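Small disclaimer: the values here were computed from a predicted structure and weren't measured. Counting begins at 1 with the first residue of the sequence. Note: hydrogens, waters and symmetry copies are ignored here, and every other heavy atom, side chains too, is used.
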Amino acid sequence: MAVLPSSVAFLLLVSFSLTVNIANSQSFIGVNYGQVADNLPPPSATAKLLQSTSIQKVRLYGSDPAIIKALANTGIGIVIGTINVDIPALASDPSFAKNWINTNVLPFYPASKIILINVGNEVMTSGDQNLMNKLLPAMQNVQNALNDVSLGGEIKVSTIHSMGVLKQSEPPSSGRFDPSYEDLMKGLLGFNNATASPFAINPYPYFAYRSDTRPETLAFCLFQPNAGRVDGNTRIKYINMFDAQVDAVYSAPSSVGFKSVEIVVAETGWPYKGDDNEVGPSIENAKAYNGNLIAHLRSMAGTPLIPGKAVDTYLFALYDEDLKPGPGSERSFGLFKPDLTVAYDVGLSKSSQSPTTPKTLASPSPKSKKTAAWCVPKSGVSDAQLQDNLNYACGRGIDCGPIKPGGACFEPNTIASHAAYAMNLFYQTSDKNPLNCDFSQSATLSSNNPSYNACSYPS
């Protein structure tokens, strides 16, 4: 297979349907609502905040009735969870599971749109063999309790896994479960497959960067222009860590016979500050990761192994949790402040959405919008950098059909010409934000129209 940007095969379809997808409910964007804090706003205020955004799903780590009730009649999907310590009782006593459903689901559903119950969190990597062995029976009893009240087809049951369940994740096609978990994982996957419930995972490119702090790794993690990484088995070129991690997770169930189980990203995020000795946390990095991730999801390009759709993704997190232990970064993942203002803007507001907002920076001033401008490469830029720019732009959901063979802009067939077209189109479809014509300082805005013959550069 040729080495290509991961989503080129879907660009034509994406460009046709992108506007429609953005206008409709973005059900693939969710958020984690943690409560290890003493300064959170009232649930009613949070419900109003969420309704002003494109966030369509909220994951709770428990089943707080005040929050579930506040989200009633909002149309927002709600994921609730059982705590780990309840797993033995859920596994051994069907009546305990029935009482849990009677207490945490029936008083609120369907006004509160509960869509999923997670039984425990990261149980398989907890080190508690008793919990690990009882996880599947607990899930089965919760499912049976839902079936008994005729909700088995409406509300799914699953559990959350950390990336630690994988023994191998590089290259993505070789993703495999840790042998010590594999038999248990097969049982859980069999349950997911039989009930059409998702396999939920917590991938964090942030943690991958902490173990490899080279600049090129940071760019790979933040969806920024980079040389990419080629999977030696498939010859697929990955241009961001998120896709690589998700595809590694997809490969693991596939390797044990469960290729059709849906993958859901239960948590992912980037801290905007941390302790002095922590590498990676910053507003700039958090803004880039979350903003570019949202743009990637909105592009509907998917991943190389799960193409043409956005993987359901729950951002971490809605608010900071100021009582969490550990380094400062653990308390600094919030997208919003307790006063309901944004910690940094990643384009989630319904009033500020754009199909591709790659660096989630502020919109250009009115003056900059009035002047026609094209994004073009600077003189002297290397072919290697231009190729990275081309891969990056075409991998973000824009229509690169005109620079493919037979397209109006295919000739001259040079990296420089193709990159120039793609870079400009990327800029034009990103709200014409001048800061999105940067490409690692290899591009600039020009008032000279670079269009030629039948090749028209949008402006």
Side-chain angles (χ1 to χ4, degrees), residues 3-8 163 166 168-175 201-251 265 267-272 278-297 299 301-307 311 313 315-316 329 346 356-360 382-397 419 422-423 426 436 438-443:
V3 179
L4 295 171
S6 62
S7 53
V8 166
M163 288 291 287
L166 300 186
Q168 184 173 339
S169 60
E170 293 184 16
S173 63
S174 66
I201 195 79
N202 295 340
Y204 277 89
Y206 165 66
F207 293 119
Y209 171 65
R210 287 204 319 183
S211 63
D212 178 6
T213 58
R214 294 174 297 165
E216 55 266 37
T217 301
L218 182 61
F220 189 64
C221 289
L222 298 182
F223 299 83
Q224 293 174 339
N226 64 89
R229 300 181 181 182
V230 177
D231 185 319
N233 298 324
T234 62
R235 304 306 300 163
I236 292 172
K237 186 175 186 178
Y238 285 84
I239 58 173
N240 66 77
M241 180 68 80
F242 178 84
D243 282 357
Q245 289 187 334
V246 170
D247 277 0
V249 172
Y250 174 81
S251 296
V265 172
E267 282 182 27
T268 192
W270 199 288
Y272 64 86
E278 291 191 89
V279 179
S282 73
I283 288 180
E284 180 182 13
N285 288 347
K287 205 173 179 182
Y289 177 73
N290 286 309
N292 288 337
L293 171 59
I294 291 167
H296 182 49
L297 295 173
S299 78
T303 74
L305 299 185
I306 315 173
V311 175
T313 298
L315 305 172
F316 188 85
S329 60
V346 293
T356 50
T357 311
K359 294 190 184 299
T360 66
S382 69
D383 280 355
Q385 180 65 57
L386 290 172
Q387 184 67 60
D388 286 347
N389 296 349
L390 175 63
N391 292 348
Y392 179 77
C394 288
R396 304 300 294 172
M423 291 161 65
F426 176 77
N436 291 330
D438 179 80
F439 292 92
S440 300
Q441 301 183 346
S442 66

Glu170 atom CD, over 12 foreign heavy atoms within 6.0 Å: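 Check fails, neighbour count at 12 or below.
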More than 12 heavy atoms of other groups within 6.0 Å of Gln168 CD: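 Yes - once you tally the heavy atoms of other residues, nucleotides and ligands closer than 6.0 Å, there are more than 12.
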Check: Ala227 main-chain N/O paired with Lys237 side-chain donor or acceptor under 3.5 Å: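 The answer is yes, because a donor-acceptor pair under 3.5 Å joins these two groups.
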With a 3.5 Å distance limit and no angle check, can you tell me whether Thr313 reaches the backbone of Val311 through a side-chain donor-acceptor pair?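 Checked: pair present.
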Is there a side chain to side chain contact (heavy atoms under 4.5 Å, CB included) between Met163 and Asn202 once you walk through the steps? CA-CA 6 Å; Met163 288 291 287; Asn202 295 340; 5.8 Å; no
If we ignore angles and hydrogens, is there a donor and acceptor under 3.5 Å between the side chains of [X] and [Y]?
| X | Y | result |
| --- | --- | --- |
| Ser442 | Asn389 | yes |
| Tyr392 | Gln224 | no |
| Arg210 | Ser329 | no |
| Asn391 | Gln387 | yes |

Measure across [X] and [Y] and return the closest heavy-atom pair with its distance rounded to 0.1 Å.
| X | Y | value |
| --- | --- | --- |
| Thr234 | Ser173 | CG2-CB, 3.7 Å |
| Gly232 | Arg235 | O-CD, 3.9 Å |
| Asn290 | Gly269 | OD1-CA, 3.9 Å |
| Pro203 | Thr268 | O-OG1, 2.8 Å |
| Ala422 | Leu390 | CB-CD1, 3.7 Å |
| Ala393 | Met423 | CB-N, 4.4 Å |

Does a side-chain heavy-atom distance below 4.5 Å link [X] with [Y]?
| X | Y | value |
| --- | --- | --- |
| Glu267 | Leu315 | no |
| Tyr206 | Pro281 | yes |
| Pro205 | Gln245 | yes |
| Leu218 | Thr213 | no |
| Leu293 | Phe242 | yes |
| Asn240 | His296 | yes |
| Trp270 | Phe316 | no |
| Phe223 | Arg396 | yes |

Drop me the distance from Asp231's CG to Ile236's CD1, to the nearest 0.5 angstrom.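 With rounding to 0.5 Å, CG (Asp231) is 6.5 Å from CD1 (Ile236).
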Once you round to the nearest 0.5 Å, how far does OH of Tyr289 lie from OH of Tyr209?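 OH of Tyr209 is found 15.0 Å from OH of Tyr289.
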Name the one of Asn226, Asp247, Asp243 that satisfies side-chain hydrogen bond (donor to acceptor under 3.5 Å, both in side chains) with Tyr238?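 Passing option: Asp247.
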Within the 6.0 Å centroid threshold, strictly below: Phe439 and Phe426: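 Yes, they do, as the ring centres are separated by less than 6.0 Å.
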